[in-house]
Amino acid sequence: MKDFDAVIFDMDGVIFDSERATLLCWLELAKEKHFENIYEVFLKCTGTTMERTKQIVLEAYGEDFPYDEYAALASKMYHEKYDGGKLPVKKGVKDILGFLKDNNKKIALASSSRKATVEMELRDAGLLSYFDEIVTGDMVKRSKPEPDIFLKACEAIGVKPSRAYAIEDSFNGIRSAFRGGLRPIMVPDLLEADDEMREISDQVLTDLNAVIDYLKS
């Protein structure tokens with residue numbers, strides 16, 4: 001078995017299939033409101049902050065694009081579809097969390113989302129009790145790709161960054177973990193790994209069950 005003390009998870013795209021769920025809402029909205037190329041624009045927003053997402057969308061569609069109105073509509077659609085435990089969980093989530101608990105490893109979450117949202121979604125899915133600590137975007141000054149959120153998570157669970165794996169799906173998440181001195185494992189979601197991701201990741205693996213096999217080896 002690999003020699004490590006903790007695993008720190010991203011949430012969206014790693015624990016939950018929420019990136020795809022959000023994309024589906026935006027695709028439905030784009031069809032209704034008659035704007036195009038949202039898939040390509042959405043991929044550029046993956047792993048960024050809400051502020052950067054708005055900037056990317058306005059760069060794509062123009063400053064007069066009603067982003068705030070459409071984002072509110074997409075959010076309403078998302079919550080109607082997925083609140084109350086209906087958000088799809090990624091393959092292998094409970095397997096890897098159980099594996100880590102059984103082997104007395106620390107488990108933390110480092111998500112750019114707001115803490116209230118993170119805790120609600122984890123609680124609704126029956127996953128909240130697995131995590132020793134939760135660190136969210138509203139608890140740090142600098143967002144991914146800066147390392148702050150992973151460093152704060154390591155501090156919260158009392159583990160050196162070099163003794164922790166970080167599981168991420170986004171480019172900025174991997175960059176954040178790498179800059180913090182953790183061991184990044186990329187499990188791609190909507191975006192496949194490129195040369196940079198393969199270079200700075202400890203491993204690029206297909207799903208969380210493959211991560212279990214890797215940690216066992």
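Closest approach of Gly85 and Asp124 over heavy atoms only: N-CB, 3.5 Å. Smallest separation of non-hydrogen atoms from Ser111 and Ile149: O-CD1, 3.3 Å. Of all non-hydrogen atoms in Leu190 and Glu19, the two that sit nearest each other are CD1-CB, 3.8 Å. The shortest heavy-atom contact between Ala166 and Ala177 is CB-CB, 3.5 Å. For the pair Lys2 and Tyr214, the tightest heavy-atom approach, listed with the atom from each and the gap, is NZ-O, 3.1 Å. Heavy atoms only, all atoms of each residue included: Ser113 and Asp12 are closest at OG-OD2, 3.0 Å.
Heavy-atom neighbours of Lys86 NZ from other residues, nucleotides or ligands within 6.0 Å: above the threshold of 12. Within a 6.0 Å sphere centred on NZ of Lys33, heavy atoms belonging to other residues, nucleotides or ligands number more than 12. Atom CD of Gln55 has more than 12 neighbouring heavy atoms from other residues, nucleotides or ligands inside a 6.0 Å radius. Around the CD atom of Glu199, the shell of radius 6.0 Å holds no more than 12 heavy atoms that belong to other residues, nucleotides or ligands. In the displayed structure, Arg114 atom CZ is contacted under 6.0 Å by at most 12 heavy atoms of other residues, nucleotides or ligands.
The side-chain heavy atoms of Pro145 and Arg179, taken from C-beta on, include a pair separated by under 4.5 Å. Under the 4.5 Å side-chain criterion, counting only non-hydrogen atoms from C-beta, Cys45 is in contact with Val57. Leu127 places a side-chain heavy atom less than 4.5 Å from the side chain of Lys94. Between Asp17 and Asp189, some side-chain heavy-atom pair lies under the 4.5 Å cut-off. With contacts defined as side-chain heavy-atom distances shorter than 4.5 Å, the pair Leu122/Glu119 does not qualify.
A continuous path of ILVMFWY side-chain contacts below 4.5 Å connects Ile167 to Ile174, so both sit in one hydrophobic cluster. If you chain together hydrophobic residues whose side chains sit under 4.5 Å apart, Ile15 and Met120 never meet in one group. There is no path of hydrophobic side-chain contacts, each under 4.5 Å, that joins Ile8 to Met11. Leu97 and Leu205 fall within a single hydrophobic cluster, where Ile, Leu, Val, Met, Phe, Trp and Tyr are joined by side-chain heavy atoms under 4.5 Å apart, directly or via other members. A single hydrophobic cluster is seen to contain both Leu73 and Leu27, as judged by linkage of ILVMFWY side chains at heavy-atom distances under 4.5 Å, directly or through other members.
Using modelled atom types, no side-chain atom of Asn209 and backbone atom of Asp95 make a donor-acceptor pair closer than 3.5 Å. A donor-acceptor contact shorter than 3.5 Å is absent between the side chain of Ser75 and the backbone of Ala71. Judged by distance alone, the side chain of Ser176 and the main-chain N or O of Glu146 form a donor-acceptor pair under 3.5 Å. The closest donor-acceptor contact from the side chain of Lys101 to the backbone of Tyr130 lies under 3.5 Å. Under a 3.5 Å cut-off, the side chain of Lys54 and the backbone N or O of Asp68 do not form any donor-acceptor pair. With hydrogens and angles ignored, the 3.5 Å screen pairs no side-chain donor or acceptor of Lys91 with any backbone N or O of Leu208. Remark: the backbone N or O of Ser162 is paired with a side-chain donor or acceptor of Arg183 at under 3.5 angstrom.
Under a 4.0 Å N-O distance rule, the pair Lys81/Glu28 qualifies as a salt bridge. Salt bridge status for Asp148 with Arg142: present, with a side-chain N to carboxylate O gap under 4.0 Å.
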- Residues Glu196, Arg175; criterion salt bridge (charged side-chain N to carboxylate O under 4.0 Å, His left out); working and verdict: CA-CA 9 Å; Glu196 179 199 358; Arg175 291 176 185 127; 2.9 Å; yes
- Residue pair Glu59, Arg52: steps toward the salt bridge (charged side-chain N to carboxylate O under 4.0 Å, His left out) verdict: CA-CA 10 Å; Glu59 287 170 359; Arg52 178 58 185 148; 3.5 Å; yes
- Query: When you look at Val14 and Lys90, which way does the side-chain contact (heavy atoms from CB on, under 4.5 Å) test go after all the steps?
  - Reply: CA-CA 7 Å; Val14 173; Lys90 297 286 280 189; 5.9 Å; no
- Item | Verdict with reasoning, Thr46 to Phe171, per side-chain contact (heavy atoms from CB on, under 4.5 Å) | CA-CA 8 Å; Thr46 304; Phe171 286 23; over 6 Å; no
- Item | Intermediate values then yes/no, side chain to side chain donor-acceptor pair (under 3.5 Å), Ser170 and Asp10 | CA-CA 9 Å; Ser170 74; Asp10 177 41; 5.2 Å; no
- Does the side-chain contact (heavy atoms from CB on, under 4.5 Å) test come out yes or no for Ile157 and Asp5, once each step is laid out? CA-CA 10 Å; Ile157 56 175; Asp5 295 328; over 6 Å; no
- Task: Please step through salt bridge (charged side-chain N to carboxylate O under 4.0 Å, His left out) for the pair Lys76 and Glu80, ending with a clear verdict.
- Result: CA-CA 6 Å; Lys76 181 174 182 290; Glu80 287 174 351; 2.6 Å; yes
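When ring centroids are compared, Tyr82 and Phe16 stay outside the 6.0 Å threshold.
Residues meeting the side-chain contact (heavy atoms from CB on, under 4.5 Å) test with Leu100, sequence neighbours left out: Phe4, Val7, Phe9, Ile96, Lys105, Ile107, Leu215.
Between Trp26 and Tyr67, the ring planes are parallel. Angles under 30° get that label, and only those over 60° would be called perpendicular.
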